[in-house]
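Report on the structure given below.
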Amino acid sequence: MNITDLKNISLKNRMPELLCEHPGMISNAERSLLFNLAKHYFQNQGTIIDAGAFLGASTVCFAQGLKEANITNIKHKAIWSFEKGIVRNNFQRFVEAFDLQPHFIGDSFTETFLALTANYVDYYKIHFSDILDYTHPIENNVEIAFLDILKTEKVCRHCIEQFFPALLEGAYVIQQDYFFDQLPFIKYTQEAFSEFFSYEGQVNSSALFKLNRPITKENVVNVLDSLSPSDAMDLHIQAEKRTNNNERAYFMQLSRAWLLADIGKLSEAKKHYRKVKEHFFKENSYSEENLRKDFSHRHNLLESYFLFMESWTSAPSLFGDSSWEAFIYAND
Ligand SMILES: C[S@@+](CC[C@H](N)C(=O)[O-])C[C@H]1O[C@@H](n2cnc3c(N)ncnc32)[C@H](O)[C@@H]1O
């Protein structure tokens, strides 16, 4: 399976309208990518990992693709979805927009997930638990891995350890938060496996990679354990070059500032942030209103992180004491 033209797959091959209407956090172009990957590229030789399913938008996109390709295997459901299913403070906007049952923070939303995805139960199996407690059976091959769950370094490392050694040659990995202004560890960990993957292209904030040769468990440990903070920076810079989109390129620069702060280079991080911000707004004619709408929350979050890092005393380490995890926990 070879994708020759990503634009073709994600934009021209339109998906059924109903997939756009499912409550979810991914864009229509990304929905189309998942639908078309399942419909045209899935070989039925392994599993589709849907890690971070929320209310099932990614799940139903894959499932509809399988349905249209006439792939059903009731016994071995092809899609394996993962979701903790606990309401966080971003849930309310979905309740309002989609007229869902009201939920409180900390409630379970698993019943709502099941109701919304009921038409596709023949295609998916859902793991409602913390993915950190999950061990993937090595004999279960993976053909497509959609990673929309790598929100902390710990989860990122765990998912790489569980899923990368199970990937079949030719498998696709979709990193949903790649061209995003936070989560720099997603970029440098993925880039650390560059000798195994080719980069296939970008759909909004997602990056698509294809596996060219199998990865063993030992490869994973060797690659991740040998990463130093300066390797992480070099790999992040490599990732920054993957996008031609102005705005996404700016987000990647903000992500570099997060990484600099993470690895203990706080004054360099602040300097980098000031410089890229000034440059971006000089080069692009953004109005004050656009600036507030599109970027303020990103800038505010990064600036709060700088403040937070001023009192962070643990030594910088890539997968150890996570300042990011402590920060989001404190700000949730
Ligand atoms: C960005 S959302 C996924 C959006 C989804 N793919 C869609 O199509 O709308 C990320 C999801 O990952 C889940 N999540 C985050 N960390 C998790 C963990 N450690 N274990 C299980 N689920 C987790 C969150 O509950 C959240 O619903």
Side-chain angles (χ1 to χ4, degrees), residues 10 15 18-38 48-65 79-95 97-98 100 103-117 120 123-136 144-163 172-183 185-186 203-208 319 322 324-325 327-329 331-332:
S10 61
M15 60 188 157
L18 66 108
L19 297 182
C20 303
E21 289 158 9
H22 195 102
M25 301 193 192
I26 51 174
S27 66
N28 287 345
E30 286 163 313
R31 290 171 194 231
S32 180
L33 172 68
L34 305 187
F35 164 73
N36 282 296
L37 276 174
I48 297 177
I49 298 296
D50 170 37
F54 186 49
L55 288 171
S58 41
T59 318
V60 302
C61 290
F62 281 131
Q64 182 68 27
I79 305 163
W80 289 16
S81 296
F82 296 83
E83 177 51 59
K84 213 187 276 185
I86 306 292
V87 170
R88 295 184 56 207
N89 55 11
N90 60 357
F91 200 85
Q92 186 55 25
R93 71 184 160 99
F94 293 93
V95 169
F98 295 93
L100 304 177
H103 287 75
F104 294 103
I105 292 176
D107 280 357
S108 160
F109 62 78
T110 57
E111 290 303 320
T112 309
F113 176 98
L114 294 172
L116 287 168
T117 56
Y120 295 97
Y123 298 89
Y124 79 82
K125 142 172 157 182
I126 176 85
H127 301 72
F128 284 132
S129 60
D130 191 328
I131 203 161
L132 287 170
D133 297 330
Y134 172 78
T135 306
H136 189 74
I144 299 175
F146 178 55
L147 302 179
D148 193 5
I149 200 169
L150 312 185
K151 314 299 179 187
T152 66
E153 287 101 327
K154 230 186 269 164
V155 171
C156 181
R157 181 175 177 128
H158 180 74
C159 287
I160 291 174
E161 286 173 344
Q162 298 308 312
F163 299 128
Y172 286 103
V173 170
I174 307 113
Q175 290 278 10
Q176 203 280 333
D177 288 300
Y178 212 76
F179 301 106
F180 180 54
D181 58 313
Q182 297 146 45
L183 314 179
F185 47 86
I186 294 181
V203 177
N204 284 359
S205 67
S206 291
L208 180 67
F319 302 105
S322 166
W324 162 247
E325 206 168 338
F327 173 73
I328 41 168
Y329 201 67
N331 284 275
D332 204 18

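Ligands are counted one by one from 1 in listed order, and the atoms in each one are counted from 1 as well. We count residues from 1, following the sequence as given.
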Counting from 1 in the order shown, the ligand 1 atoms closer than 4.0 Å to a non-hydrogen atom of Asp130 are 18 (C), 19 (N), 20 (N)

Is it the case that ligand 1 has an N or O less than 3.5 angstrom from some N or O of Lys84? yes

Output field: ring centroids Phe128/Phe109 closer than 6.0 Å: no

How does Pro23 reach ligand 1, by side chain, by backbone, by both or by neither, if only non-hydrogen atoms under 4.0 Å count? neither

Pull out every atom of ligand 1 sitting under 4.0 Å from any heavy atom of Val155, numbered as shown with elements. 19 (N)

Element-labelled atoms of ligand 1 that are located less than 4.0 Å from some non-hydrogen atom of Ser58: 5 (C), 6 (N), 7 (C), 8 (O)

Quick note on ligand 1: atoms under 4.0 Å from a heavy atom of Gly52 include exactly 3 (C), 4 (C), 5 (C), 6 (N), 11 (C), 12 (O)

Nearest-option assignment for atom 14 (N) of ligand 1, heavy atoms, candidates Ile149, Asp177, Leu132: Ile149

Using the ring centroid of each side chain, check whether Phe91 and Phe104 are separated by less than 6.0 Å. no

min-distance protein heavy atom vs atom 2 (S) of ligand 1 -> Met25 SD, 3.7 Å

Of all the heavy atoms in Ser129, does at least one lie under 4.0 Å from an atom in ligand 1? yes

In ligand 1, which numbered atoms sit nearer than 4.0 Å to a non-hydrogen atom of Phe146? 6 (N)

Side chains of Gln162 and Thr135: do they bring a donor and an acceptor to under 3.5 Å? no

Whether the Thr117 and Tyr124 side chains hold a donor-acceptor pair (N or O, under 3.5 Å, no angle test) is what I'd like checked. yes

Is the closest heavy-atom distance from Asp148 to ligand 1 below 4.0 Å? yes

Taking atom NZ of Lys154 as the centre, does the number of heavy atoms from other residues, nucleotides or ligands within less than 6.0 Å exceed 12? no

Taking atom types as modelled, find out whether His22 and Thr59 have a side-chain donor-acceptor pair closer than 3.5 angstrom. no

Show the atoms of ligand 1 that are less than 4.0 angstrom away from any heavy atom in Gly24. 9 (O)

What protein heavy atom is closest to atom 20 (N) of ligand 1, reported as residue, atom name and distance in Å? Ile131 N, 2.9 Å

Under 4.0 Å, heavy-atom basis, I'd like to know which part of Glu83 is in contact with ligand 1: side chain, backbone, both or neither. both

Are Phe54 and Phe113 an aromatic pair, judged by ring center distance below 6.0 Å? no

What do you reckon, are the aromatic ring centroids of Phe62 and Tyr123 less than 6.0 Å apart? no

Do Glu153 and Arg157 sit within salt-bridge range, that is, some charged N less than 4.0 Å from a carboxylate O? no

